[in-house]
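Worksheet: one structure, shown below.
Both counts, for ligands and for their atoms, begin at 1 and track the order of listing.
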Amino acid sequence: MDKVVQVRDKRFRVSITADELNEAVTKVAQRINEDYAGKKPMFIVVLNGAFMFASDLLKKIELPCTMSCVKLSSYEGMCTTGKVREMIGISGDLEGKDVIIIEDIVDTGTTMHGLLPKLRAKGVASVEICSLLHKPEALLFDDAKPKYIALNIPNDFIIGYGLDYDGEARNLPEIYTLMKE
Ligand code: IMP
Ligand code: MG
């Protein structure tokens, strides 16, 4: 029997196991290690959702690198609000840096579409998106398509491994999908 969890008023069924996540994160880290050989990338972690992915990914990065966190939000409850708010700014100089954004999921792309110009305005040498998950069917902005994607998923609401439902379930080590009752 698949694992089912109840979070607030909703039930979710496990859809990506911890082992599958680990394998997918390892593959993405290997690609970054190869593509950025000889460089010193700066990782920008999008809080809160990407904290668990970033922690696991960065342990597999074998390059000299720096990291900084940014807090943005375009989501409330279970649908995107369409607005991007910057809450905690990026510390440190971005001029000439090869930036890799670490995101939990690119859904409509609103968040990344809003963040990319802000980073480019700071004079970065390059900027790419590395997202744990991507919902290709939901994407509205072409520039928000991540170069590095650990796993593509269908257009369903999911939780776990950093992703929340109204603030809960970020601690779950697997990804769970909303059950259609
Ligand atoms: P976007 O701006 O529509 O691409 O949405 C991006 C943000 O919404 C992500 O960084 C997540 O924090 C959140 N999000 C998108 N889809 C889901 C989901 O299925 N579950 C939980 N959070 C999500
Ligand atoms: Mg997020």
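- Using a cutoff of 4.0 Å between basic side-chain nitrogens and carboxylate oxygens, K122 and D93 are not scored as salt-bridged.
- Legend: residues meeting side chain to side chain contact (heavy atoms under 4.5 Å, CB included) with D9, ordered by chain and number and at least two apart, are Y165.
- The G109 neighbourhood of ligand 1 comprises atoms 1 (P), 3 (O), 4 (O), with distances under 4.0 Å to a heavy atom of that residue.
- For ligand 1 and T110, the ligand atoms under 4.0 Å from any heavy atom of the residue are 1 (P), 2 (O), 4 (O).
- Of the options L47, L178, T108, L133, the smallest heavy-atom separation from atom 1 (P) of ligand 1 is shown by T108.
- Every N/O-N/O distance between F157 and ligand 1 stays at or above 3.5 Å.
- The main-chain N or O of A18 is never found under 3.5 Å from a side-chain atom of N22 such that the two would form a donor-acceptor pair.
- Contacts between E103 and ligand 1, counted as non-hydrogen atom pairs separated by less than 4.0 Å, involve the side chain only.
- Looking at ligand 1, you won't find any N or O of V106 less than 3.5 Å from one of its N or O atoms.
- The backbone N or O of G160 lies less than 3.5 Å from no partner atom in the side chain of N171, so there is not a single donor-acceptor pair.
- If you look at D156 next to ligand 1, the close heavy atoms, those under 4.0 Å, all belong to the backbone.
- Close to ligand 1: K135, with a non-hydrogen atom less than 4.0 angstrom away.
- Of the possible donor and acceptor atoms, one in the side chain of R8 sits under 3.5 Å from a partner among the backbone N and O of D166.
- Considering each of I175, D107, L115, I158, the one bringing a non-hydrogen atom nearest atom 21 (C) of ligand 1 is I158.
- Here the closest heavy-atom approach between residue I105 and residue S131 is recorded as CA-OG, 3.4 Å.
- Put simply, no part of I159 is less than 4.0 Å from ligand 1, judged by heavy atoms.
- The side chain to side chain donor-acceptor pair (under 3.5 Å) check on N152 picks up nothing, with sequence neighbours excluded.
- Checked by atom type and distance alone, the side chain of K3 never pairs as donor or acceptor with a backbone atom of R13 at under 3.5 Å.
- For ligand 1, the polar-atom distance check against D164 finds no nitrogen or oxygen pair separated by under 3.5 Å.
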